[in-house]
Amino acid sequence: MATWQCVKQCGACCHLDPAERPDLDEYLSPAELELYLSMVGEGGWCINFDHTTRECRIYPNRPRFCRVEAEVFQDMYGIEAEELNDFAIDCCRQQIEGVYGDRSLEILRFDRAIGL
């Protein structure tokens, strides 16, 4: 069974392009939406994403919507804790494939990390 985990130095989730996420207002509060949009920088990448190290500069203090935690996903998407693993895997696969491609090193690293 695959078990979700974040893959270091991937950063696919840091590609925040709102054009690719037209439903943001359905799961973010008005204040969170304002924060999210303020974080979108050049090319749709988060302004807090360091392209050299491929890491978040504010990781310990990242916003709620950047966290893969049961209570956050329950509140934002209505996902029950027992569904989080499969949902997070699907979300990451979609995002990684969309940003880097379905044959990218990032998707291969993700699949290996989660046990696929």
Engineer: On a heavy-atom basis, which atom in Phe110 and which in Gln5 lie closest, and how many Å separate them?
Structural biologist: CE1-O, 3.5 Å

Engineer: Say you draw a straight line from CD1 of Ile107 to CD of Gln94; how long is it, rounded to the nearest 0.5 Å?
Structural biologist: 10.5 Å

Engineer: First locate atom SG of Cys6, then atom CZ of Arg67, and finally report the distance between them rounded to the nearest 0.5 Å.
Structural biologist: 12.5 Å

Engineer: Measuring from atom CG of Leu35 to atom CG of Leu28, what distance do you get when rounded to the nearest 0.5 angstrom?
Structural biologist: 9.0 Å

Engineer: Could you check if a side-chain atom of Ile58 sits within less than 4.5 angstrom of a side-chain atom of Pro63, using non-hydrogen atoms only?
Structural biologist: yes

Engineer: Sequence neighbours left out, what pairs pass salt bridge (charged side-chain N to carboxylate O under 4.0 Å, His left out) with at least one residue falling in residues 77-99?
Structural biologist: Arg93-Glu97, Arg93-Asp111

Engineer: Quick one: CG on Leu37 to CG on Leu16, what's the gap to the nearest 0.5 Å?
Structural biologist: 9.5 Å

Engineer: What's the spacing between Trp4 CH2 and Cys92 SG if we round to 0.5 Å?
Structural biologist: 6.0 Å

Engineer: Once the angle between the rings of Tyr77 and Phe87 is folded into 0 to 90°, is it parallel (under 30°), tilted (30 to 60°) or perpendicular (over 60°)?
Structural biologist: tilted

Engineer: Side chains of Ser104 and Ile96: does their closest heavy-atom pair fall under 4.5 Å?
Structural biologist: yes

Engineer: Should Leu24 and Pro18 count as side-chain neighbours, where that means a heavy-atom distance under 4.5 Å?
Structural biologist: yes

Engineer: Sorted by first residue and then second, give each side chain to side chain donor-acceptor pair (under 3.5 Å) pair with at least one member in residues 10-22; sequence neighbours left out.
Structural biologist: Arg21-Tyr36, Arg21-Gln95

Engineer: Could you give the distance from OH (Tyr27) to CG (Leu33), rounded to the nearest 0.5 Å?
Structural biologist: 9.5 Å

Engineer: Once side chain to side chain donor-acceptor pair (under 3.5 Å) is applied, what residue pairs with a partner in residues 43-55 remain, sequence neighbours excluded?
Structural biologist: Arg54-Tyr100, Arg54-Glu106

Engineer: Is any side-chain heavy atom of Glu42 closer than 4.5 Å to one of Ile47?
Structural biologist: no

Engineer: So, for Phe49 and Cys14, which heavy atoms are closest and what is the spacing to 0.1 Å?
Structural biologist: CD1-SG, 3.6 Å

Engineer: Any salt bridge (charged side-chain N to carboxylate O under 4.0 Å, His left out) involving residues 25-36? Give me the pairs, sequence neighbours left out, ordered by first then second residue.
Structural biologist: Glu32-Arg64

Engineer: Which heavy-atom pair separates Ala12 from Val99 by the least distance, and what is that distance?
Structural biologist: O-CG2, 3.8 Å

Engineer: Among all residues two or more places apart in sequence or in another chain, which pass the side-chain hydrogen bond (donor to acceptor under 3.5 Å, both in side chains) test with Arg57?
Structural biologist: none

Engineer: Compare every heavy atom of Ala2 with every heavy atom of Leu116, then report the nearest pair and how far apart it is.
Structural biologist: CD2-CB, 3.9 Å

Engineer: Under the side-chain hydrogen bond (donor to acceptor under 3.5 Å, both in side chains) test, which residues partner Gln74, sequence neighbours left out?
Structural biologist: none

Engineer: Any non-hydrogen side-chain atom of Val68 less than 4.5 Å from a side-chain atom of Val72?
Structural biologist: no

